[in-house]
Amino acid sequence: MNILIWKSVSTLSKRTALLLLTALVIQPLYALDYPEEGDFAQGTKAWSENCARCHNMRSPSDLRDDQWVTSVFHMRVRAGLTGQEARDILTFLQGSNARVENIDPGQVESTTTDSASISGKQIYESNCLACHGANGKGSIPGVPDFNEKNGRLSKSDSELLSNIITGIQSPGSSMPMPPRGGNSQLSDTDLNAALKYIKASFSE
Amino acid sequence: MNINRVAKTIVFAVVTSSFSTAALAEPSVEELAERLERMQQEMDQLKQQLKNSATKDEVQVIKKDVATAGEWLQPDTLIHMAGYADVGYTDSESEDGSFNVGTFAPIFHFQYRDLVMLESELEFEVGDDGETETNLEYLTIDWFINDYMVLVGGKFLSPVGQFRQNLHPSWINKLPSAPPGFGHDGAAPVSDVGFQLRGGFPIGAIRTNYAVYISNGPELIAEFEDGEFELDGVEAEGFGSDGDGEKVVGGRLGIIPFSGFELGLSAASGKATVTSIEDGDSSTLSDEGARDYDVIGADFSWHYKAFNLRGEYVETEVGADTGSGTAASEGATWETWYTQGAYRFNQSNWELVARYTDFDSPHNSQDQQQWAIGTNYLFTNNFIGKLSYEFNDGQAGSDADQDRFLFQMAYGF
């Protein structure tokens, strides 16, 4: 059958046209469903690297999940993002747009008590590094420098952990840090491990 | 003896009293049964109330659902409105200061799954005469072919350079004005009508983005000055028809070798024809031939923490008359470039901006060199107050030579 079809398009131009038509018909099929799910950690990185290329960073909590869908697809066209980058960024934004509320540190409830499944360093690199930078100095405007003497890390561990769990809007910062760094999958123990890594790496 | 009697009497009285009190307080079996029944009924009522009321956890879940719920459940089709608006005040050397409504530009998005999106930006402006001008800034249907290709059809912002397609919205532009030559009728094309293929792809660790297009292209304006016709300008603002039948092809390639730095190269080439005379009778035009039309551009952007440096160069060249047209025999070149630096103070909402632009056109009255300095206050990242002063240097007495003070409040939504 295939041979018959191929023979019927004898000329080079017809074959070229057939190939182009086949490519055009097949390609949309790939677009109907996500080839790969978005990755939160990759999305954090892609978001911090791409959005500020043109404009001030918008806070994830600025828009609802459905609003972020159209906004990210709009930006995919404008910024020349790949489909995977767009899905990664969308996963990050939809996972991070919970509103930051002022909660008394004493009222923060622990969600889990198990030990951290991965090291604080891995947690930091996957979830925090995009905004706070590998050296803890902050990679986007408004993010505090962890290395500063009497800076952010001079607060007590319990207060810092509370801020990480509930999220925090720092005065003068362009946007709030989302609760749990935007990753609701991280347990309190994971966050505590990340905090220990941050203090050990940057507070001296 | 008497004492013993009195004592016995008292003891008897107390014991009798105690027994009689206990006997009086003791309810009957019937009363107890009745009480029990009432309590049972009350308990049943409470159980029923408890069944009908939500637990604390359920209330929390409902609160969360309400907080995150959209106006409708997320179906295959999504509708969203974004956009920007600005208002301000301008005071130049030659004119009295006046308040102005710059632009209201709503952008509509209609998206069907991850397959297609319709995007459209309208632009409303209030002119000096109080009339409201309405323009269709762009209208495209974007077909997401695959992860690396998007086919864009319709009227689109020109992908030549970065300013027109990505930086001109007032909540993004760090100064209240566009760099000379990057506005309407400048050196850089504004928009076009046709089809465009856009996307991005990685080459190892290097990321790239691209746009290639075919379009109707621009039209040319001539003017009659000093007894002869000259080319006055290039109208590259998305014509819905192609009078001369000559198409323009062009595009931009952006390269991001490392995070925070982007380099872009742009070009467009085709034909364009004189179709009108500035402040004159266009019917006098005859035998106008299509002229060569070529654009080249380059742009860069570099971010380092709170510091941003960017620049852009565009040159548009129109060739000499190829026929026996009446408009102008000579060709013309428009050229402009700018460099802009911006710094946002750490842990602060204040930002400083400085920009230098040099615009050269075929007409001395339009040539302009400009230094613009400004201070911005970011109420939020999408609501910005801007104060700036422009030192303009152009032909003496012309508009291009007037220094200006500008204030603008811009809001992106």
Side-chain angles (χ1 to χ4, degrees), chain A residues 23-24 26-36 45-46 48-50 52-59 62-71 73-74 76-87 90 97-99 133 137-145 170-175, chain B residues 67-72 74 78-80 82 107 109-111 113-115 117 119 140 142-150 152 162 165-167 169 171-172 198-202 207-211 254 256 259-260 262 301 303 305-306 308 344-349 378 380-382 384 412:
Chain A
L24 282 173
I26 288 174
Q27 282 178 341
L29 297 179
Y30 289 111
L32 285 176
D33 292 297
Y34 293 150
E36 278 186 45
K45 185 170 181 289
S48 68
E49 288 181 357
N50 284 290
R53 276 163 50 197
C54 293
H55 56 75
N56 292 323
M57 302 289 277
R58 299 289 296 270
S59 169
D62 279 0
L63 299 178
R64 294 190 310 252
D65 283 2
D66 59 313
Q67 292 172 321
W68 275 126
V69 174
T70 47
S71 294
F73 271 79
H74 163 75
R76 177 184 163 185
V77 179
R78 285 298 179 84
L81 303 174
T82 66
Q84 188 60 48
E85 285 171 329
R87 289 189 293 278
L90 186 58
N97 59 352
R99 188 173 295 281
K137 289 179 179 294
S139 56
I140 55 178
V143 175
D145 183 353
S170 303
S173 180
S174 57
M175 60 187 177
Chain B
T68 58
E71 292 172 12
W72 57 88
Q74 187 166 317
L78 293 172
I79 303 170
H80 177 228
I107 300 172
H109 295 137
F110 301 85
Q111 182 178 358
R113 298 177 69 185
D114 56 350
L115 181 65
M117 173 183 273
E119 296 188 72
T140 62
D142 309 335
W143 174 25
F144 298 95
I145 298 173
N146 59 34
D147 268 6
Y148 308 101
M149 300 163 76
V150 183
V152 176
Q162 278 277 60
Q165 61 172 333
N166 285 334
L167 305 176
W171 79 275
I172 296 175
R198 297 177 69 98
F201 56 90
R207 296 174 52 243
T208 66
N209 53 74
Y210 70 91
I256 305 173
S259 176
E262 179 173 5
S301 173
H303 285 263
K305 293 186 178 178
N308 170 227
R344 182 171 176 180
F345 292 101
N346 192 31
Q347 298 295 303
S348 152
N349 292 349
L378 285 71
T380 68
N381 275 357
N382 55 329
I384 304 163

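Every chain is numbered from 1, with letters handed out A, B, ... down the list of sequences.
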query: Do E49(A) and I256(B) have side-chain heavy atoms sitting under 4.5 Å apart?
result: no
query: Which region of N50(A), side chain (C-beta onward) or backbone (N, CA, C, O), has a non-hydrogen atom less than 4.5 Å from a non-hydrogen atom of chain B, or is it both or neither?
result: side chain
- prompt: Where the side chain of R58(A) meets the backbone of N381(B), is there a donor-acceptor pair that is under 3.5 Å apart?
  reply: no
query: Under the 3.5 angstrom rule, does the side chain of W68(A) hit a backbone N or O of L63(A) as a donor-acceptor pair?
result: yes
field: Residue, of F110(B), W171(B), Y148(B), that accumulates the most heavy atom pairs under 4.5 Å with chain A
entry: W171(B)
query: Out of K45(A), H55(A), R76(A), Q67(A), which one racks up the most heavy-atom pairs below 4.5 Å with chain B?
result: R76(A)
message: Report which part of T140(B) has an atom under 4.5 Å of a heavy atom belonging to chain A: side chain, backbone, both, or neither.
response: neither
- prompt: Aromatic rings F144(B) and F73(A): how do their planes relate, parallel, tilted or perpendicular, breaks at 30° and 60°?
  reply: perpendicular
query: Where on A86(A) is there a heavy atom nearer than 4.5 Å to chain B: the side chain, the backbone, both, or neither?
result: neither
N56(A) side chain reached by N382(B) side chain, heavy atoms, under 4.5 Å: no
